Q: 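One structure is given below, represented as structure tokens, and several questions about it will come after.
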There are 2 protein chains.
Amino acid sequence: MLTTPFVDAPIFTRSRALRPTGKVLPEHARSHNRSLVLQTLYSAGPQSRADVARETGLTRVTVSDLVADLIGEGLIVELGQREIARPGKPAMLIDVDRAAFQIIGIDLSEHERFLGAIVDLDGGIVSRAEVALDGATGEAAAALVDALVAGLVASATAPVLGIGVGSPGIVDPNGVIRSAPNLGWQGLDLQSRLHDAFGLPVHIGNDANVAVLAEHGASTNDDLLLVKVGHGVGAGLIIAGRPVIGGGFAAGEIGHVIVGTDGGPRCACGKSGCLETWLAVPRLTAELDAVDDGEHAASAREAILTEAGRRLGIVLAPVVGALNLSEVALSGPAELLDGPLARAAVDTLRTRTMAEHNRDLRLRMTEQAQDIVLRGAAVMVLSGQLGVS
Amino acid sequence: MLTTPFVDAPIFTRSRALRPTGKVLPEHARSHNRSLVLQTLYSAGPQSRADVARETGLTRVTVSDLVADLIGEGLIVELGQREIARPGKPAMLIDVDRAAFQIIGIDLSEHERFLGAIVDLDGGIVSRAEVALDGATGEAAAALVDALVAGLVASATAPVLGIGVGSPGIVDPNGVIRSAPNLGWQGLDLQSRLHDAFGLPVHIGNDANVAVLAEHGASTNDDLLLVKVGHGVGAGLIIAGRPVIGGGFAAGEIGHVIVGTDGGPRCACGKSGCLETWLAVPRLTAELDAVDDGEHAASAREAILTEAGRRLGIVLAPVVGALNLSEVALSGPAELLDGPLARAAVDTLRTRTMAEHNRDLRLRMTEQAQDIVLRGAAVMVLSGQLGVS
DNA sequence: TTTCGTTTGTTCGTAAGCTTTACTAACAAA
DNA sequence: TTTGTTAGTAAAGCTTACGAACAAACGAAA
């Protein structure tokens with residue numbers, strides 16, 4: 001039997017990256033542990049320092065030290081002694097000060113207007129704002145974003161932790177909107193623009209990629225695909241707890257993938273049978289509206305929705321199979337999606353993948369229908385600034 | 001303008017995980033930096049401590065300290081002074097001692113035999129071994145693995161760093177083979193079995209998931225999908241540099257995803273039109289053999305291969321689109337795959353996805369046709385034990 | 001030849017961060 | 001009152017990385 005110095009020696013990188021990315025200094029470790037404490041409190045609520053220590057595996061000493069820092073920064077507050085009578089010294093409850101900061105969330109994905117909101121640290125929407133687009137594009141549209149943010153920043157009732165933006169199109173990790181055809185943006189450095197204007201941290205992502213962050217918070221799953229059906233069709237993807245951006249920052253762009261091998265409606269992109277030609281809201285409503293009222297109108301409409309769901313299932317099946325996904329969420333108008341469409345999608349997914357591997361596959365509507373991008377934008381800020389979500 | 005204590009404060013977790021996973025101690029940081037030094041030397045070759053310091057961002061002091069440890073462990077050696085005449089003190093070159101350890105790689109994915117090899121730290125194959133299966137399944141097949149490993153361990157000419165195994169079927173992260181129908185394995189804890197028998201670190205993965213590790217080493221890309229065509233069809237996937245295992249540990253199982261909406265051959269799994277019915281080697285060769293020799297034999301065979309490639313493209317298109325993949329590798333018999341089949345696959349992929357986002361998509365044959373699982377198994381050990389790949 | 005500047009690698013002391021150990025405070029239960 | 005438990009803190013120590021300073025070794029220029 002041979003032995004080496006490394007038999008079973010646990011290596012830090014084992015569960016992290018295949019290739020180490022960069023040096024790690026003690027302060028990074030501390031920053032990580034700080035986030036760990038925050039996350040523990042954030043998700044489990046008020047508890048004692050000792051509770052946090054048990055939960056995180058850190059010692060009480062270290063937790064006390066980190067908590068002292070966090071109290072100094074105003075992120076954590078002491079709530080008073082625990083009421084429940086137990087042996088031992090009574091615990092001083094601490095919690096994230098959920099009123100200490102607010103977050104600006106911006107949703108640029110709707111077609112006629114930009115939405116904004118002030119979101120508290122719990123993801124609750126404090127107040128809203130919106131501006132009508134009126135066909136604005138390019139600089140005019142960007143100026144509308146400025147104005148929307150300015151109004152929200154002015155009306156915030158607590159220090160603002162940061163600005164989160166969900167935008168249509170291709171957004172790179174530096175917050176540059178590489179391409180958003182509908183808004184006439186190409187290479188728009190929205191992150192710098194907003195940062196320079198407001199002096200706040202800014203996080204920007206594709207609308208569907210942002211939306212899946214919100215949904216992921218409500219889910220216990222480490223893998224999640226969210227399909228966002230609106231004027232177009234896009235997806236956001238989380239794998240092993242990490243958002244997937246894609247090499248060209250275009251992950252989730254499934255709207256113009258061709259579905260099936262039996263042709264299909266002509267698409268604006270030039271191809272035929274793209275997913276959007278079956279599933280995009282304008283197409284669906286147009287098809288439904290075209291059904292003549294009459295005896296068979298209901299079943300005709302159901303057939304349209306069922307076919308749309310089937311097409312969605314067809315395109316998702318290889319993705320679900322390749323990634324062994326266990327959860328798919330649908331975001332969009334519930335009156336269209338939540339019914340025959342969703343049922344057909346999950347049926348199709350089940351019949352087209354290997355049942356054995358995808359036995360516990362679930363497809364469901366999103367928890368937070370309307371505000372999913374706004375909330376996701378807030379999550380992005382929360383996660384980027386505090387390491388919490 | 002509002003300010004917060006966190007404006008632009010870089011947070012450790014920002015680029016790592018959304019939610020912090022566990023505490024990080026100084027020793028973990030050191031372990032990470034140790035791997036970083038190793039990785040730098042491993043991929044860039046002989047250089048001075050000062051070179052490593054510049055490359056990694058660590059100080060010369062720290063690098064010297066880490067290197068001293070690594071020399072003590074026999075992983076790094078001094079090679080003598082640098083020859084090139086430069087001002088200043090001559091550099092002492094150091095490098096990973098690529099002869100210090102060997103790795104046992106095992107490939108259980110072939111149908112008639114188990115393959116094994118001794119692999120050096122560079123991925124070079126030092127010697128080979130194999131055992132015929134002769135239809136063995138269950139415990140008999142497992143015993144063959146034992147024997148294969150035993151022979152290789154005995155013939156190693158350097159300490160063995162670990163044992164890497166690529167197995168068909170579903171393999172969980174603990175090295176338990178949940179299900180490998182062909183071998184009659186179900187819940188076989190091969191990792192513990194081999195660890196107990198040989199006292200060496202053991203790493204086990206699905207054959208395609210292991211293969212993609214080898215291919216990833218030869219690639220500069222952070223995202224990579226490898227399709228392994230053999231008796232069945234499977235895939236291995238790396239996203240953002242990290243292998244994707246899947247919630248049910250069944251990522252990459254695309255062989256039984258239905259392709260297209262126009263039916264297809266009956267599959268052993270009960271469905272019709274599974275990818276395997278077009279692409280698996282036995283199916284393909286049978287179809288090709290069935291072509292009558294004659295005037296149009298060549299074009300008939302080409303049509304069969306083209307159709308197989310097209311089917312592969314159809315099933316991959318949604319995956320490529322959703323993940324924004326830039327690179328797909330094909331592994332298997334070159335005489336079948338490398339030609340009309342690959343051309344049809346890439347053509348189909350291009351026409352069925354959005355050209356704009358997948359402009360630089362590449363599909364190619366694997367670099368290391370034969371030994372890809374053996375080499376991937378070695379990479380798995382290298383990465384698991386040293387954080388290097 | 002001497003001097004100067006450069007580069008390498010080491011030594012020494014320091015700062016940061018987490019742990020262990022030990023302690024006090026505060027409580028319940030017997 | 002005693003005993004045992006729990007919370008939080010304080011002190012000391014270990015690990016780790018850094019900066020400053022230095023010696024060694026070299027080329028280039030004076």
Side-chain angles (χ1 to χ4, degrees), chain A residues 9-12 20 22-37 40-41 46-72 76-95, chain B residues 9-12 20 22-37 40-41 46-72 76-95:
Chain A
I11 300 275
F12 180 55
K23 62 174 175 177
V24 172
L25 302 184
E27 67 221 63
H28 298 132
R30 181 153 180 102
S31 183
H32 178 98
N33 290 336
R34 197 187 94 114
S35 289
L36 182 61
V37 168
T40 302
L41 285 168
Q47 56 196 298
S48 70
R49 293 166 171 85
D51 292 332
V52 174
R54 277 185 291 268
E55 176 82 13
T56 58
L58 294 162
T59 59
R60 291 199 306 271
V61 179
T62 304
V63 169
S64 282
D65 194 42
L66 287 165
V67 166
D69 282 5
L70 290 164
I71 288 177
I76 286 186
V77 282
E78 294 192 327
L79 302 177
Q81 288 194 353
R82 175 178 273 146
E83 300 281 319
I84 309 147
R86 289 196 303 188
K89 176 178 171 180
M92 172 61 71
L93 293 179
I94 55 172
D95 192 15
Chain B
I11 298 276
F12 181 55
K23 62 174 175 176
V24 172
L25 304 184
E27 69 221 62
H28 298 132
R30 180 155 180 100
S31 184
H32 178 97
N33 290 335
R34 198 187 92 113
S35 290
L36 182 61
V37 167
T40 302
L41 284 168
Q47 56 196 298
S48 71
R49 291 166 172 85
D51 292 332
V52 174
R54 275 185 291 267
E55 177 82 14
T56 57
L58 296 162
T59 60
R60 291 197 308 259
V61 179
T62 304
V63 170
S64 282
D65 193 44
L66 288 165
V67 166
D69 281 6
L70 290 163
I71 287 178
I76 285 185
V77 283
E78 294 191 329
L79 301 177
Q81 287 193 353
R82 173 178 276 146
E83 299 281 319
I84 307 147
R86 289 197 302 188
K89 178 177 171 180
M92 171 63 69
L93 293 178
I94 56 172
D95 192 16

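Lettering follows sequence order; numbering is per chain, from 1. What you see is a predicted model; the values in this text were computed from it and never measured.
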Q: Specify the separation, in whole Å, of atom CD1 of B:Ile94 and atom P of C:dT8.
A: 12 Å

Q: Can you tell me how far C1' of C:dT6 sits from CZ of B:Arg54, to the nearest Å?
A: 11 Å

Q: Might you point out which heavy atoms bring A:Gln81 and A:Pro90 nearest each other, and give the distance in Å?
A: OE1-CB, 3.4 Å

Q: Please tell me if the side chains of B:Val67 and B:Glu78 come closer than 4.5 Å, counting only heavy atoms from C-beta onward.
A: no

Q: Under 4.5 Å between any side-chain heavy atoms of B:Thr62 and A:Lys23, yes or no?
A: no

Q: Closer to the 5' end of DNA chain D via nearest nucleotide, is it B:Val63 or A:Ser64?
A: A:Ser64

Q: Name the one of A:Ile76, A:Ile71, A:Val61, A:Val37 that satisfies side chain to side chain contact (heavy atoms under 4.5 Å, CB included) with A:Leu66?
A: A:Val37

Q: Indicate whether OP1 or OP2 belonging to C:dG9 is found under 4.0 Å from a side-chain N or O atom of B:Ser48.
A: yes

Q: Look for any protein N or O under 3.5 Å of an N or O in nucleotides 27-30 of chain C and output each such pair with its distance, or none.
A:
from, atom 1, to, atom 2, distance (Å)
C:dC27, O4', A:Gly88, O, 3.4
C:dC27, O2, A:Gly88, N, 3.0

Q: Can you list the residues that meet the side-chain hydrogen bond (donor to acceptor under 3.5 Å, both in side chains) rule with A:Arg60, with sequence neighbours excluded?
A: none

Q: With sequence neighbours left out, write down each residue that passes side-chain contact (heavy atoms from CB on, under 4.5 Å) with A:Val77, or none if nothing qualifies.
A: A:Leu79, A:Asp97

Q: Between D:dA24 atom P and B:Met92 atom CE, what is the distance in whole Å?
A: 16 Å

Q: Mind checking side-chain contact (heavy atoms from CB on, under 4.5 Å) for A:Asp51 and listing every partner two or more places apart, or none if nothing turns up?
A: A:Gln47, A:Ser48, A:Arg54, A:Arg82

Q: Let me know the distance between CD of A:Glu78 and P of D:dA7, rounded to the nearest Å.
A: 15 Å

Q: Hey, which of these two, B:Gly57 or A:Asp51, hits DNA chain D nearer its 5' end, going by closest nucleotide?
A: A:Asp51

Q: Looking at the base of D:dG8, is there any donor atom on it, or on the side chain of A:Arg60, that sits under 3.5 Å from an acceptor on the other one?
A: yes

Q: By side-chain contact (heavy atoms from CB on, under 4.5 Å), which residues pair with B:Thr56, not counting sequence neighbours?
A: B:Leu36, B:Thr40, B:Val52, B:Leu58, B:Val63

Q: Using a 4.0 Å heavy-atom cut-off, write out nucleotides 13-18 of chain C from 5' to 3' as B (base contacted by protein), S (sugar-phosphate only) or - (no contact).
A: ----SS

Q: List the residues meeting side-chain contact (heavy atoms from CB on, under 4.5 Å) with B:Ser64, not counting sequence neighbours, and say none if there are none.
A: B:Arg49

